[in-house]
2 protein chains.
Amino acid sequence: MTTKKATIKDVAREAKVSVASVSRALNGQGGVTAETLERIRVAAKQLHYVPDNAARSLITRRTHTIGALLPDLFGEFFSELIRGIDLAARSRGLHLLVSSSHDGADEAAAALRAMHGRVDGMLILSPWVDEAFLDANLTDGLPTVLINSSVQASGRSVLNIDNRGGAYAMTEHLLRVAGHKDIAFIAGPAGNFDAEQRALGYREAMRKLAPKVPLNIVAGSFTEESGYQAGRELLKQERRPSAVFAANDMMAVGCLYAFKEAGLQVPADIALAGFDDIPIARYLTPPLSTVSVHIAELGRNALERLAALMDGREQSNSTGALGCAIAVRGTCGANRDA
Amino acid sequence: MTTKKATIKDVAREAKVSVASVSRALNGQGGVTAETLERIRVAAKQLHYVPDNAARSLITRRTHTIGALLPDLFGEFFSELIRGIDLAARSRGLHLLVSSSHDGADEAAAALRAMHGRVDGMLILSPWVDEAFLDANLTDGLPTVLINSSVQASGRSVLNIDNRGGAYAMTEHLLRVAGHKDIAFIAGPAGNFDAEQRALGYREAMRKLAPKVPLNIVAGSFTEESGYQAGRELLKQERRPSAVFAANDMMAVGCLYAFKEAGLQVPADIALAGFDDIPIARYLTPPLSTVSVHIAELGRNALERLAALMDGREQSNSTGALGCAIAVRGTCGANRDA
DNA sequence: AGCTTTCATGAAAACGTTTACGTTGGCGCC
DNA sequence: GGCGCCAACGTAAACGTTTTCATGAAAGCT
C-alpha cells in the first residue's frame, strides 16, 4: 500500500478539525480537548501520517540535526567518538550528519559549507581548522564545539583531551611508582596539538619531580617506523635511559621492536610507555603500559556541550578538558622498587 | 556581520531580476543570458546567499541525504565502512545521516522511523532486520540497500561480503598450498549470518578438495575466550588436527594462546588461520594468517548501488557479493611442503 | 443577570524555494 | 512589413508545516 503520503490536511479532514488543531495536538502543545486529541491521534495513525521534516524545518528554522566534521581517523578512535556522539544525540532526539575523512583545509571548508543550513549545530574535530578558517567558513552564529583543537578564539567553545595531564600522570608514575630516573621522551610531529601537549606534560612532570635530571627528548612522527628509529637512537646514547615514554602507542610499538632487536628485556633492562591505549596495546608482549582516553566520553561530552549551546544554556566561549587514565601493564616496570 | 540571512528574494532585488531567474541561473538550467547570469552571481556572492535546504527539499521532494543504519560495531570495521560510504557519497554530492550503535530491533525500528523523510535512501547493516522488520518499518518505497544481510526478499537490494568464498579460499590454501590435511574449524555463533556462511565455505572446500577427511568442527562464539576453549578442546582430541581455521580473528587469538600454553609451536606443530584481518592480526607472534575484507570497498559499493537505485538505473532486487582476499602470514605454515 | 475571562478552535499568513505558465521582445522568413 | 517562433524573463501557485490572530462559547465573578 504505497499511497501518495498523508499530509496534515488529510489528517485534519479525517478527524474533522482544522490543520491547526492537528498540529497542536500532535506536538503536544495543549489547546485541544482530550476528546479531539484522541480523534486526531487515531486519524493520524490510520493514515500513517508522519510529518514532513522539510516543511517543518522551513518554518521552524530547526533541523534537529547536528553535523560532525571529522578528519581521516583510524579505527578505534573514530568509532568510539561517533558512538559517544550518536548515543548522546539520540537521547536528545537529535540526528547526526557525518562528514569524515576529508583531507586538507579546502575539503574541510567545502564539507562545512555543505552542512550549512542542514544542521543546528556543529561538532568539529580537524587538524585543519584554525581561527581564520572558522571566521571564513562559519560566518553566521551556528553553535559550534571544537574537539581537541588548539584554537583559543574568543566566542568558540572547545573541548580537549587532557593530553598534558595524562602525560604528566604517566611520567609521574614512571618516576614515583616504578622508580625510574632517566626518562626519555619520544615526541610526536611538530605542530600537532596533541603531540605538543603531551610533551608539555612530560616536561612539566620532569621539572617538578626530577628537576636535576636533564630532559631527553628525541623526535618522532607518530608512526611505528619513527618509533623504531627513535628507539635505536636512544640505545646509542652513552647513558641509556631507564625508561622511555613515547608520545603515542604506535611509536611505542616500533620502539619495543628496536629494544627486542637489541636483545634488551622490557621492562627489566628498559621500561616503556605509550599514549592512546590502542587495542593492540594489551596484546603486545609484554602488554604496553599506556595512557588511555575515554573517547566515547569525549564525544558524549562534546555533544552535551553543543546541546547546551544550542539551548542557550551556556556561553559560547567555554573551554573544557577531559581526563585521561593511566593503564599500567607490563612494559613500565611498576614493580621495580618492590 | 551576522545579518539575518539572505533569501532568494534579496538576491533577485539586488540583481534586478525575478526570483525565478535567480533560481534558474543558480541551478544552471539555462534560460538566462550570460549577462544576467553574471549579475546574479555577483549579487549572490555579495549577499553570501546560500539556498535554504528545507525550502528546496519541500518542493523538490529530495534531501540529497542518505541514511546509514548500523549496529554497535567495533573499531576498524565501523570506521572503514563509514569511510567508504562517506567518500562515495561526497563524490556524488550526497550527505550522510548516521544512526549507529543501536542495540535491539526496537531501537533499530525507532531509528529507521526517525530517518523517514529526512533521507532519499537507506543503507542498512543490522543483525535485527529481517523481512518482517522491513515490511513493517519501510512502508513506502524508500530505496534501500541491505549490507551483509540474510534476507532474500523480493524487491530488496542486498550486498554481502563473500564470507563463503573467503572461507573456501583459506581452506583451499591450507590444503593445497600449505599442505595440511586435517583441518579443524572453529565455528561462530549459531544464527549469525557471517558465521554460517564461513562454515559453509569451509565445508564446501573440504568436501571438494579433501573428501575423505572427516569434518572437524567445534563450537565458538566469536569471542577470544571461546577461541581459547575451542583450542583446548581440539588439543584433547586423540588425533590432533594439523591446522585450525577459526571463523574469526578474535577466536584465533584465543586459540593461539591455548596452543602456546600447551607448549606447541605455531605453525610447526599446528597451523592456525583466522577471518577478518583485524589490526591486531599482524602484531601477533607469529603474525596471524587470515582472510581480509575490504570494508571500505563494501561501503563504497553499497552506496553506488543505492545511488543507482535512487536514479532508477537499477532494479531493486539485485544481490551482490564483495570478494575477500586471504592474507598469508606466519601462522598458517605456508612453507610446509617447501 | 451582566460582565469579563478562559479556552478550544479555525482561518490565514508565513517560511524560501521550484516550476508551470504567460508575457514580452527580437529576429528570420515569406 | 506582417507573421510566427523562440529565447528571456516575470507572475504566481505550490510544497506541508507552524503560529498568530480572530471568533465564539462556556464558565467564573460580582
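Per chain, numbering begins at 1; letters A, B, ... match sequence-line order.
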Asker: Give the table of side-chain donor-acceptor pairs shorter than 3.5 Å for residues 89-98 of chain B, with sequence neighbours excluded, one pair per line with atom names and distance.
Answerer:
| residue | atom | partner | partner atom | Å |
| --- | --- | --- | --- | --- |
| B:Arg90 | NH2 | A:Ser100 | O | 2.5 |
| B:Arg90 | NH2 | B:Asp86 | OD2 | 2.9 |
| B:Ser91 | OG | B:Ala88 | O | 3.0 |
| B:Arg92 | NE | B:Glu304 | OE1 | 3.2 |
| B:Arg92 | NH2 | B:Glu304 | OE1 | 2.8 |
| B:His95 | NE2 | A:Arg118 | NE | 3.2 |

Asker: Kindly write out the residues that satisfy side chain to side chain donor-acceptor pair (under 3.5 Å) with B:Asn192, not counting sequence neighbours, or none if the list is empty.
Answerer: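 Side chain to side chain donor-acceptor pair (under 3.5 Å) check on B:Asn192 returns nothing, list empty.
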Asker: Please state how far atom CD in B:Glu35 lies from atom P in D:dA7, giving the value in whole angstrom units.
Answerer: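 So the CD-P distance, B:Glu35 to D:dA7, works out to 18 Å.
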Asker: Give every residue pair that meets the salt bridge (Lys or Arg N to Asp or Glu O under 4.0 Å) criterion with at least one member in residues 27-48 of chain B, sequence neighbours excluded.
Answerer: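 Every candidate salt bridge (Lys or Arg N to Asp or Glu O under 4.0 Å) pair involving residues 27-48 of chain B fails, so no pair, neighbours aside, qualifies.
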Asker: Within the structure, does a side-chain N or O atom of A:Thr36 lie under 4.0 Å from either OP1 or OP2 of C:dT9?
Answerer: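 Looking at the OP1 and OP2 atoms of C:dT9, one of them is under 4.0 Å from a side-chain N or O of A:Thr36.
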Asker: Only counting residues at least two apart or in another chain, list the ones meeting side chain to side chain contact (heavy atoms under 4.5 Å, CB included) with B:Ala15.
Answerer: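 For B:Ala15, the residues satisfying side chain to side chain contact (heavy atoms under 4.5 Å, CB included) (neighbours in sequence not counted) are B:Val17, B:Ile40, B:Ala43.
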Asker: Does the distance from a Lys or Arg side-chain N to an Asp or Glu carboxylate O, for A:Asp10 and A:Lys5, drop under 4.0 Å?
Answerer: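 Judged by the 4.0 Å cut-off on N to carboxylate O distance, A:Asp10 and A:Lys5 do not form a salt bridge.
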Asker: For B:Gln46, what residues pass the side chain to side chain contact (heavy atoms under 4.5 Å, CB included) criterion, not counting sequence neighbours?
Answerer: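 Side chain to side chain contact (heavy atoms under 4.5 Å, CB included) check on B:Gln46 returns B:Glu14.
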Asker: What is the bend of the helix from C:dA1-D:dT30 to C:dC30-D:dG1 when you compare the axis at one end with the axis at the other, using five pairs each and rounding to 10°?
Answerer: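 Between the axes fitted at each end of the helix from C:dA1-D:dT30 to C:dC30-D:dG1 lies an angle of 40°.
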Asker: Got a sec, which residues hit salt bridge (Lys or Arg N to Asp or Glu O under 4.0 Å) with A:Asp311, two or more places apart in sequence or on another chain?
Answerer: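 Once residues adjacent in sequence are excluded, the partners of A:Asp311 under the salt bridge (Lys or Arg N to Asp or Glu O under 4.0 Å) criterion are A:Arg313.
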Asker: Would you give a per-nucleotide map of nucleotides 13-19 of chain C, 5' to 3', where B means the base has a protein non-hydrogen atom under 4.0 Å away, S means only the sugar-phosphate does, and - means neither?
Answerer: -BBBBBB
Asker: For B:Ala302, what residues pass the side chain to side chain contact (heavy atoms under 4.5 Å, CB included) criterion, not counting sequence neighbours?
Answerer: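 Partners of B:Ala302 under the side chain to side chain contact (heavy atoms under 4.5 Å, CB included) test: B:Leu123, B:Val145, B:Ile147, B:Leu159.
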Asker: Please report the distance, rounded to the nearest Å, between CG in A:Leu37 and C1' in C:dC7.
Answerer: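 About 15 Å, once rounded to whole Å.
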